[in-house]
Every structure is written in C-alpha cells, then in structure tokens.
Amino acid sequence: MDNNVSKELILWYMIYKRDLPWRNSHDPYHIWVSEIILQQTRVAQGLSYYIRFIETFPSIKNLAEAPQEQILKLWQGLGYYSRARNMHTAAKQIEELFGGQFPKTYKELLLLKGVGDYTAAAVASLAFNEPVAVVDGNVIRVIARLFGIEEAVDKPSTLKDIKTLANELLNKEKPALHNQAMMEFGALHCVPVNPDCHSCVLNSKCLALKNKLVSKIPSKSLKLKIRNRHFYYLAINSSGKIFFQRRGAGDIWEGLYEFPLVETEEPIAPEDLPEMISEKTNFKASAIRIIDISNPVKHILTHQKLYVTFIYLKADKIESAPPHWIVTETSRIFDHAVPRVIDRYLHSPSFIKANQNMY
DNA sequence: AAGCCGGGGAA
DNA sequence: TTCCCAGGCTT
C-alpha cells in the first residue's frame, strides 16, 4: 500500500497535534476512559469530564468499587448515559474476569461492556501498540475522500471496505502514532464542511478532490425520524421536601432522576393543567396549590423533541404518594444525577424563587 | 440491517 | 435550521 500517506499524516501530526491529557499517558485505563468519554462527543465537551473522572477514580479498582449513582452524577450533562453504566460494568469485569489487569489485546478488549470495534482498536493500538487500525467518524471521512468512495458510508458493506482500507494504510511499525495522526487529521484538517484542500498534505492523492466530490463525500443514506413529546414535571414541595423518581430501562435517561412526570402526546393548555394534575397523578395532599408554571422548554435530543413544562406545587401535608416517589430534602437536590433540562431548571430563577418562598 | 441513546457547537 | 462528533447495544 501507499505508505507515504502514513508518513505525510505523521509529519502533519507532529506539527499540528493538540496537547491533550490522555496523550501524555500509556496507561490503558486513562486511554480507555478518554475513548469512552469521546464517543460521539467532541474533545471540547469531554475534556473537563475526563479530568474530573480521573481525579475521582484514579484507578480501575476505584471505579469498579464506586456506586453507580456516583458515576452517573459525574457523567451528568454528558449524554449517552449507557456509556457510564457500561463503564462501571466493564470495570467490574476487569476486576473479576481479568484479575484487575487491563486486557491488552484487541480481541480481549472487545469482551468489555461498552467496548466495540473502535474503542478496542484504540486502546490496543494507543496503549499497547497493537497494529490494528481505528475507524471512527474522522477516519471514515478521510478514507472515503482519499479513495473517492461515493457509496453511503453508513452502509455496513461500505464501512467494511473502509476498515479494510484503513488497515492496509496502517503503519505497522507505528500504529499508535499513525492512528492518532489519522484521527487528528480528520478532526482538524479534513473537516466535514469546507476543508482547506489547498493546503492539504494529501491533496495530490485525494480522489474526492480530483473528482470535485469533496462536499459530497462522505455521503449518508439514513434519515432519522423525530418524535415530539410533551413532559410536565411536578416539583412538589411539602415542608422543605421534594419528590424525585428514577427513570427505568427502555427510554431516555435510564438511571437518572427526575420530578414526577406526566407525559402527553399533545400539549396541554395552561388552563387545563390543574385538572391534568389531579387526574393523572396519584397523590393526595392537603392544600395543594400551584406556585409557578414555567413556559415550555424545548429540549432537543437525537431522536426526539421534548417540550418540557415545570409546575411548582406546594402541599401542606402529603397523605399518600406513589411508592416509587423518592422524598428528598430540597437542600440535597443536587446529589442526584439529573438530565440537563432538569439541572437547568434547578438553577433557574423561577425554581430558586419558588423554593425560597416556602419559608 | 435498522433503531435507539444526549448534548452541544459550528456553519 | 442541519450536521455530526475518538460509537455501541438491542432487536
């Protein structure tokens, strides 16, 4: 294969690479943590999480022994929370199946929960210099353009071809350096929109550039459907306590906490909210009154659009409440891992004001 | 093979 | 608005 590509990329990388904390380590634990955090996540967004994660859990043992709640709280706001739950599972796998020793090969790494083809290749090559090519979104773009691949890259058959090409291109003597160079090049130079092909070190070899297809490659076929959902959260305060509940499996935000929720297909008119509260919720209390109703907040997820309304209620004495409601002191609301949209509400003037007016 | 899982930043 | 990010799991 044309090994000059690897050499050009490595030369480029030596000049332009970013100084990132996980690059100063060969510890597979550090590399693994960074790779999980950076799945579908930009470096700028994940960086502070990485620092805090390593500070809080310096070793795989610390992570394995931590309660899941603590891990989720640390992960709060980063999204794709299954990553945090799977990391916990994987840490315990390493303690129990691998005797606390981090797996060293691509094949063994694949056994870990939450570690797929990309992450196994990344840890194996970056930490142990195993000659296996990483293929992430950056690499897909670079290779698809370099080889002028017009087929949709989200087709499994196309992805398979790209992985083959990536491994043929791989510098077998310096897999760690090569893989990082390839990804960094995609992240910084061969960017999705308007890449600077004029100054590109590969511009003489790039088929997409030659065929004027740079803006068309990589192409994708899949379109996703967006579902609209309307959430009505009840912040029920009764003598300094407030209710939470924990979200279960099969929906967004598994394992995170939220206020008692009423969800509807269609929006509810503000004047119908009091009736909705008494009809759709299963709690009884004396002197229930509505203190504040927020405007609907639009919260965008990958597959869903949420319209979230917060209703702050005060009740004198709770007579009965559903068993899965969790009583929390208002002073301890920040102990729970909550979705971003709820965290924002907890810090909003309207919530703080309603909370203060209790006393 | 297709659907689902968050949140944010760039253009 | 649209795209997509150091992807992986479930069905």
Side-chain angles (χ1 to χ4, degrees), chain A residues 17-18 20-23 30-50 72 75-87 89-90 109-127 133-142 152-160 163 166 176 179-188 190-195 215 218-227 229 247 249-256 297-306 308 337-344:
Chain A
K17 70 171 182 179
R18 292 167 288 184
L20 301 171
W22 48 87
R23 288 195 175 142
H30 293 169
I31 309 249
W32 170 65
V33 169
S34 74
E35 294 301 341
I36 302 293
I37 286 177
L38 294 174
Q39 285 172 5
Q40 297 292 285
T41 305
R42 290 167 197 280
V43 168
Q45 189 186 357
L47 185 54
S48 66
Y49 284 85
Y50 172 82
L72 281 175
W75 205 268
Q76 175 179 302
L78 198 52
Y80 284 142
Y81 298 94
S82 65
R83 292 183 292 173
R85 301 193 308 271
N86 290 341
M87 273 184 101
T89 303
L109 286 159
L110 273 181
L111 298 174
L112 298 176
K113 190 81 170 168
V115 173
D117 192 43
Y118 164 75
T119 306
V123 177
S125 66
L126 303 191
V134 295
V135 178
D136 71 337
N138 293 312
V139 178
I140 289 171
R141 187 169 54 255
V142 171
V153 295
D154 50 7
K155 275 172 55 183
S157 58
T158 311
L159 188 61
K160 193 171 168 235
K163 283 180 181 172
N179 278 336
Q180 295 194 74
M182 183 71 106
M183 289 191 284
E184 190 79 334
F185 183 73
L188 298 184
C190 194
V191 291
V193 180
N194 293 327
S215 66
S219 79
K220 297 198 171 177
S221 57
L222 301 180
K223 306 174 190 30
L224 55 130
K225 290 167 280 201
I226 304 290
R227 174 160 66 122
R229 303 173 75 174
R247 291 188 66 88
D251 201 349
I252 57 174
W253 301 331
E254 178 182 341
L256 272 62
V297 177
K298 194 200 288 187
H299 189 71
I300 311 283
L301 304 179
T302 302
H303 293 262
Q304 320 186 1
K305 237 185 249 179
L306 309 181
V308 183
V338 298
R340 202 77 171 89
V341 66
I342 290 186
D343 191 50
R344 273 197 271 262

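Proteins come first, then strands; the chains are lettered A, B, ... in the order of their sequence lines, and each starts at number 1. If you're wondering where the values come from, they're calculated on a predicted model, not measured in any experiment.
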Does [N] have OP1 or OP2 under 4.0 Å away from a side-chain N or O of [X]?
X: A:Arg83; N: B:dC4; value: no
X: A:Trp253; N: B:dG7; value: yes
X: A:His299; N: B:dG7; value: yes
X: A:Tyr81; N: B:dG7; value: yes
X: A:Gln76; N: B:dG6; value: no

Report, one pair per line, the protein and nucleotides 1-5 of chain C atoms (nitrogen or oxygen only) whose separation is under 3.5 Å.
{"unit_1": "C:dC4", "atom_1": "O2", "unit_2": "A:Arg42", "atom_2": "NH2", "d": "3.1"}
{"unit_1": "C:dC5", "atom_1": "OP1", "unit_2": "A:Arg141", "atom_2": "NH1", "d": "2.7"}

Nearest whole Å is fine: how far is [N] [atom2] from [X] [atom1]?
X: A:Ile226; N: B:dC4; atom1: CD1; atom2: P; value: 10 Å
X: A:Asn194; N: B:dA11; atom1: CG; atom2: P; value: 9 Å
X: A:His303; N: C:dC9; atom1: NE2; atom2: P; value: 16 Å
X: A:Ile140; N: C:dG7; atom1: CD1; atom2: C1'; value: 9 Å
X: A:Lys113; N: C:dC9; atom1: NZ; atom2: C1'; value: 7 Å
X: A:Tyr118; N: C:dG8; atom1: OH; atom2: P; value: 8 Å
X: A:Asp251; N: B:dG6; atom1: CG; atom2: C1'; value: 13 Å
X: A:Leu159; N: C:dG7; atom1: CG; atom2: C1'; value: 11 Å

A:Asp136 or A:Leu112: which one's nearest nucleotide on DNA chain C is closer to the 5' end?
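Nearer the 5' end of the strand: A:Asp136.
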Look at all strands and tell whether [X] reaches a base, only sugar-phosphate, or nothing, counting heavy atoms closer than 4.0 Å.
X: A:Gly77; result: sugar-phosphate
X: A:Val139; result: nothing
X: A:Thr119; result: sugar-phosphate
X: A:Ile37; result: nothing
X: A:Asn179; result: nothing
X: A:Trp22; result: base

What's the gap between [N] and [M] when it is taken at their [atom1] atoms, as a whole Å value?
N: C:dT11; M: B:dG6; atom1: P; result: 15 Å
N: C:dA6; M: B:dC5; atom1: P; result: 22 Å
N: C:dT10; M: B:dG7; atom1: C1'; result: 22 Å

Might you point out which heavy atoms bring A:Arg18 and A:Ala187 nearest each other, and give the distance in Å?
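Residues A:Arg18 and A:Ala187, closest heavy atoms: NH2-CB, 3.8 Å.
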DNA chain B: 5'-proximal contact among A:Arg227 and A:Arg344 (nearest heavy atom):
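Result of the comparison: A:Arg227.
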What nucleotide, of C:dG7, B:dG6, B:dA11, holds the atom closest to the side chain of A:Leu301?
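Closest nucleotide among those given: B:dG6.
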Check whether any side-chain N or O of [X] sits under 3.5 Å from a backbone N or O of [Y] as a donor-acceptor pair, and report yes or no.
X: A:Asp154; Y: A:Lys220; result: no
X: A:Thr89; Y: A:Met87; result: no
X: A:Arg141; Y: A:Pro218; result: no
X: A:Thr119; Y: A:Gly116; result: no

Once you measure the plane-to-plane angle for A:Trp253 and A:His299, does it fall in the parallel (<30°), tilted (30-60°) or perpendicular (>60°) bin?
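Tilted: the ring planes of A:Trp253 and A:His299 meet at 30° to 60°.
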Return yes if a side-chain donor-acceptor contact under 3.5 Å exists between A:Glu35 and A:Tyr118, otherwise no.
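Distance-only check passes for A:Glu35 and A:Tyr118.
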Can you list every pair that meets salt bridge (charged side-chain N to carboxylate O under 4.0 Å, His left out) and has a residue in residues 78-87 of chain A, with sequence neighbours left out?
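For residues 78-87 of chain A, and leaving out neighbouring residues, the salt bridge (charged side-chain N to carboxylate O under 4.0 Å, His left out) pairs sorted by first residue read A:Arg85-A:Glu254.
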Could you go through the side-chain contact (heavy atoms from CB on, under 4.5 Å) check for A:Val135 and A:Asp117 one step at a time?
CA-CA 8 Å; A:Val135 178; A:Asp117 192 43; 5.5 Å; no
